[in-house]
There are 2 protein chains.
Amino acid sequence: MLNLSISTISRALKDHPDISKETREKVQELAATLEYEPNENAVNLRTNNSKEFGVIIPAISNYFYHFFISSLEEEARRYGYSLIILQSGDDPAIEQANVKRCRKARLSGIFISLTSSTEDISEILNLEKVNIPVIFFDKVPPFEACNKVCVGDVHATEIAADTLIKKSKKKILAIFGDKHLSITQARMVAFIDYMQKHHMQKNYNVVHALNPAEAATLLQIAYRSKTKPDAIFCMSDEILTGVMKAVQIEKINVPKDIGIVAISDGFIPQLYYPEITYAETSGYKLGKLAFSRMIACLAGTPFVQNIVAHSVLIPGGSI
Amino acid sequence: MLNLSISTISRALKDHPDISKETREKVQELAATLEYEPNENAVNLRTNNSKEFGVIIPAISNYFYHFFISSLEEEARRYGYSLIILQSGDDPAIEQANVKRCRKARLSGIFISLTSSTEDISEILNLEKVNIPVIFFDKVPPFEACNKVCVGDVHATEIAADTLIKKSKKKILAIFGDKHLSITQARMVAFIDYMQKHHMQKNYNVVHALNPAEAATLLQIAYRSKTKPDAIFCMSDEILTGVMKAVQIEKINVPKDIGIVAISDGFIPQLYYPEITYAETSGYKLGKLAFSRMIACLAGTPFVQNIVAHSVLIPGGSI
DNA sequence: TTACCAACAACAAACGTTTGCGGAAATGTT
DNA sequence: AACATTTCCGCAAACGTTTGTTGTTGGTAA
């Protein structure tokens with residue numbers, strides 16, 4: 001329509017200096033009225049870049065991930081990227097397949113939280129070789145040199161434990177999750193160390209629950225025993241919901257009979273009265289951190305980094 | 001490597017009958033060992049088809065959407081599709097921009113739940129003209145002829161209301177959300193109609209709360225008044241969390257003093273003891289329905305359909 | 001022998017961009 | 001006036017596929 005070649009149009013649309021201001025304006029104007037939109041597939045083919053990030057997670061239905069994704073999506077939009085969600089259903093085989101899909105789709109980068117039973121992450125690390133940055137978050141591999149963004153387990157545990165000490169609790173029931181999860185390990189070790197450091201070895205009792213129901217049972221048993229606990233430490237939201245169920249069943253008076261402190265991202269604690277005091281592990285914050293790390297990788301930052309998000313204590317009335 | 005042309009390879013890989021079995025096997029074998037993966041951008045460019053669905057929602061952080069997305073993703077994976085998540089932050093302008101992005105990316109179809117203030121959906125309906133099927137879900141436009149998949153508000157409300165009647169509740173406090181939301185309208189009308197039909201006009205009191213805190217306050221005021229309610233109807237999870245907060249604050253005995261029934265997708269009700277009896281509105285089920293509707297559209301089903309998911313009563317101990 | 005037909009494989013165009021390079025016109029320099 | 005430089009633009013290749021068409025071979029039937 002303007003008697004210009006395709007290449008001129010292409011250049012005019014992206015303000016290439018070769019194109020005169022006059023032509024450029026004419027082209028851009030016409031493009032606007034025609035509602036011209038470049039074909040992304042063609043652009044991607046040509047530039048070998050998809051402007052899409054993959055997000056691989058065990059499952060969306062989790063206290064944590066939807067905050068994280070939501071946060072990530074906000075940032076992504078600002079930078080003109082889209083987010084592709086892939087669930088592994090906590091199955092390493094599906095996870096592997098999802099990683100493959102990301103490679104195949106030539107995504108610009110991926111964010112991944114591992115399943116609880118992922119052993120082999122070599123395929124994932126291979127993505128870096130085809131120039132797809134990988135940011136691990138939340139459930140990260142233990143020792144590898146890779147980009148990790150995760151909750152500061154030690155810090156969160158410590159500030160939660162600290163409130164127990166400050167309140168001079170002497171019979172603490174500390175409930176942790178599945179022993180085999182690294183998150184459990186990290187928090188447990190941090191808890192025990194911190195207690196040790198403050199000469200509280202005699203004042204707590206560590207137990208494990210695989211699900212909320214088990215946590216509830218554990219508390220019920222402890223509460224009915226002659227050595228009633230005077231405080232509960234909940235490693236996670238999942239544990240907390242179980243504990244609170246028991247609190248309601250046994251009509252336990254919180255915080256008078258038993259104080260409660262948890263590590264949480266904040267949604268669950270405010271459902272109860274009194275609201276639960278917790279060390280905050282914000283999926284939202286983590287999303288921002290992970291995204292900025294991704295941007296750094298895309299910009300070519302060579303070294304890997306292990307980012308740990310710090311927590312703050314959100315006081316409720318539960319202790 | 002095999003001294004074959006590109007076209008032969010292409011055909012061999014997709015079992016085209018023109019290619020001899022022998023060649024086909026050789027090609028596929030080599031492709032496998034070489035871990036060849038077709039470049040999706042090139043395929044998409046050629047076929048003008050992205051194998052991606054867009055999901056546009058007000059926000060992920062919602063009691064409902066992550067179940068829906070999760071369910072959708074499961075199905076999508078089975079069919080070889082990916083899901084792109086776009087949040088509108090409940091802002092019609094961003095929503096509009098997201099719709100545009102979907103068109104630009106030539107997605108295979110989109111699922112959309114409108115923001116609470118979306119007025120103009122013409123742009124969205126235009127997607128159908130460029131052959132992108134649109135499935136509205138949850139927050140759907142009121143009257144247009146389009147594909148809608150949503151919770152059966154009437155049915156869910158009725159089975160919840162029915163349990164109130166069966167238990168001969170006479171002083172029901174029915175708490176609904178923001179009057180301006182169509183979901184509130186629908187459930188409120190259904191509630192009032194059903195009560196009318198069962199000659200219960202005198203036995204309930206309808207109030208509105210914009211958030212959990214307001215719901216809590218409403219219950220507290222009602223509970224302290226001389227006409228204490230004997231049952232609460234909660235339109236949604238959001239209302240329910242507020243109500244339960246008040247229950248805890250006032251130490252209300254459920255179900256002895258007050259019975260509670262809600263409409264919910266099930267996560268919140270089981271956090272409490274006794275667990276809350278609710279009419280289930282499953283995001284999971286809805287996801288499956290929406291997806292199968294999408295598949296039907298892609299297969300070329302011409303007519304639109306308004307699918308309504310039925311609810312079931314999940315009995316807890318709250319009434 | 002000729003004609004015809006399968007069976008197989010290659011050629012080449014097309015999808016819609018981006019970008020290195022070369023060229024023409026206009027402008028500036030000696 | 002001759003040459004160099006800048007400004008602007010188009011040519012054409014390339015990205016990696018898919019697919020309609022054409023070509024070759026060997027076999028079979030007339």
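Chain naming here is simple, since letters A, B, ... match the order of the sequence lines and numbering starts at 1 in each. In this text the structure is predicted, and so the values were computed from the model without any measurement.
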Engineer: For B:Leu45 and D:dA14, give me the distance from atom CG to atom C1', rounded to whole Å.
Structural biologist: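 The distance from CG of B:Leu45 to C1' of D:dA14 comes to 13 Å, rounded to the nearest Å.
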Engineer: Has the side chain of A:Arg11 got a donor or acceptor that lies under 3.5 Å from a partner of the other kind on the base of D:dG10?
Structural biologist: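 Answer is yes: a donor-acceptor pair is held.
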Engineer: Under 3.5 Å, is there a donor-acceptor pair linking the side chains of B:Gln96 and B:Asp120?
Structural biologist: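 Not at all, the side chains of B:Gln96 and B:Asp120 share no donor-acceptor pair under 3.5 Å.
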Engineer: When only distance counts, do a donor and an acceptor, one from the side chain of B:Asp18 and one from the base of C:dC8, lie under 3.5 Å apart?
Structural biologist: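 Looking at the base of C:dC8, it does not pair with any donor or acceptor on the side chain of B:Asp18 (distance under 3.5 Å).
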Engineer: If you look at every strand shown and take non-hydrogen atoms under 4.0 Å, does B:Ile19 touch a base, only sugar-phosphate, or nothing?
Structural biologist: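 Since only primed, P, OP1 and OP2 atoms lie under 4.0 Å of B:Ile19, the category is sugar-phosphate.
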Engineer: So what does A:Glu37 touch, heavy atoms closer than 4.0 Å: a base, only the sugar-phosphate, or nothing?
Structural biologist: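 Sugar-phosphate only.
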Engineer: For B:Glu25 and C:dC8, what is the distance between atoms CD and P respectively, to the nearest whole Å?
Structural biologist: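 B:Glu25 atom CD is separated from C:dC8 atom P by 12 Å.
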Engineer: Look at B:Glu29 together with B:Lys26 and state whether they make a salt bridge at an N to O cut-off of under 4.0 Å.
Structural biologist: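 No salt bridge links B:Glu29 with B:Lys26.
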Engineer: Round to a whole Å and report the spacing from CG of B:Asn48 to P of C:dA14.
Structural biologist: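 Distance check: B:Asn48 CG to C:dA14 P gives 16 Å.
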Engineer: Which comes earlier along DNA chain C counting from the 5' end, the contact point of A:Asn39 or that of B:Arg24, where each point is its nearest nucleotide?
Structural biologist: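 Checking each residue's closest nucleotide, the 5'-ward one belongs to B:Arg24.
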Engineer: On DNA chain C, compare the nucleotides closest to A:Thr47 and B:Ile9; which residue's is nearer the 5' end?
Structural biologist: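 With A:Thr47 and B:Ile9 compared, the 5'-side residue is B:Ile9.
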Engineer: Would you mind classifying the nucleic acid contact of B:Asn49 as base, sugar-phosphate or nothing, using non-hydrogen atoms under 4.0 angstrom?
Structural biologist: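 Since no nucleic acid heavy atom lies under 4.0 Å of B:Asn49, the category is nothing.
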Engineer: For C:dA10, does OP1 or OP2 lie under 4.0 Å from any side-chain N or O of B:Thr8?
Structural biologist: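 For C:dA10, OP1 or OP2 has a side-chain N or O of B:Thr8 closer than 4.0 Å.
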Engineer: Answer yes when A:Arg103 and A:Glu123 have at least one side-chain N-carboxylate O distance shorter than 4.0 Å, and no when they do not.
Structural biologist: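 Looking at A:Arg103 and A:Glu123, the cut-off is met.
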Engineer: Which donor-acceptor pairs under 3.5 Å do side chains of residues 31-41 of chain B form with protein atoms, sequence neighbours excluded?
Structural biologist:
{"unit_1": "B:Thr33", "atom_1": "OG1", "unit_2": "B:Leu30", "atom_2": "O", "d": "2.9"}
{"unit_1": "B:Asn39", "atom_1": "OD1", "unit_2": "B:Asn41", "atom_2": "N", "d": "2.7"}
{"unit_1": "B:Asn39", "atom_1": "OD1", "unit_2": "B:Ala42", "atom_2": "N", "d": "3.1"}

Engineer: Separation of B:Asn44 atom CG from C:dG16 atom P, in whole Å?
Structural biologist: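 After rounding, the reported distance stands at 13 Å.
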Engineer: Tell me whether the OP1 or OP2 atom of C:dA9 has a side-chain N or O from B:Thr23 closer than 4.0 Å.
Structural biologist: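 So the side-chain polar atoms of B:Thr23 do come within 4.0 Å of the phosphate oxygens OP1 or OP2 of C:dA9, strictly under.
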Engineer: With a 3.5 Å cut-off and no angle check, do the side chains of A:Ser116 and A:Asp90 form a donor-acceptor pair?
Structural biologist: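 Looking only at side-chain atoms, A:Asp90 and A:Ser116 do form a donor-acceptor pair, the distance falling under 3.5 Å.
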Engineer: Taking atom types as modelled, is there a side-chain donor on A:Ser108 or A:Asn49 under 3.5 Å from an acceptor on the other?
Structural biologist: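 There is such a pair between these side chains.
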Engineer: In whole angstrom, what separates A:Ile6's CD1 from C:dT19's P?
Structural biologist: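 The distance from CD1 of A:Ile6 to P of C:dT19 comes to 15 Å, rounded to the nearest Å.
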Engineer: Quick one: A:Glu22 CD to D:dT7 C1', roughly how many Å, whole number?
Structural biologist: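 It is 13 Å, rounded to the nearest whole Å.
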Engineer: Would you mind reading off the distance between B:Asn41 atom CG and C:dA14 atom C1', rounded to a whole angstrom?
Structural biologist: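 That distance rounds to 17 Å.
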Engineer: Nearest of D:dC11, D:dT17, C:dC11 to any side-chain atom of B:Val43?
Structural biologist: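 Nearest to the side chain of B:Val43 among the choices is D:dT17.
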Engineer: For A:Ser10, report the nucleic acid contact type (base, sugar-phosphate, nothing); a contact means any heavy atom under 4.0 Å.
Structural biologist: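 Base contact.
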Engineer: Please give, in whole Å, the distance from C:dA9 P to B:Lys21 NZ?
Structural biologist: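 After rounding, the gap between these two atoms is 14 Å.
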Engineer: Among the candidates D:dG10, C:dT17, C:dA10, find the nucleotide nearest to the side-chain atoms of B:Ser7.
Structural biologist: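 Among the listed nucleotides, the one closest to the side chain of B:Ser7 is C:dA10.
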Engineer: Could you work out which one of C:dT17, C:dA9, C:dA10 sits closest to the side chain of B:Ser20?
Structural biologist: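 For the B:Ser20 side chain, the nearest candidate turns out to be C:dA9.
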Engineer: Look at all strands and tell whether A:Leu4 reaches a base, only sugar-phosphate, or nothing, counting heavy atoms closer than 4.0 Å.
Structural biologist: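 The residue A:Leu4 makes sugar-phosphate contact but no base contact.
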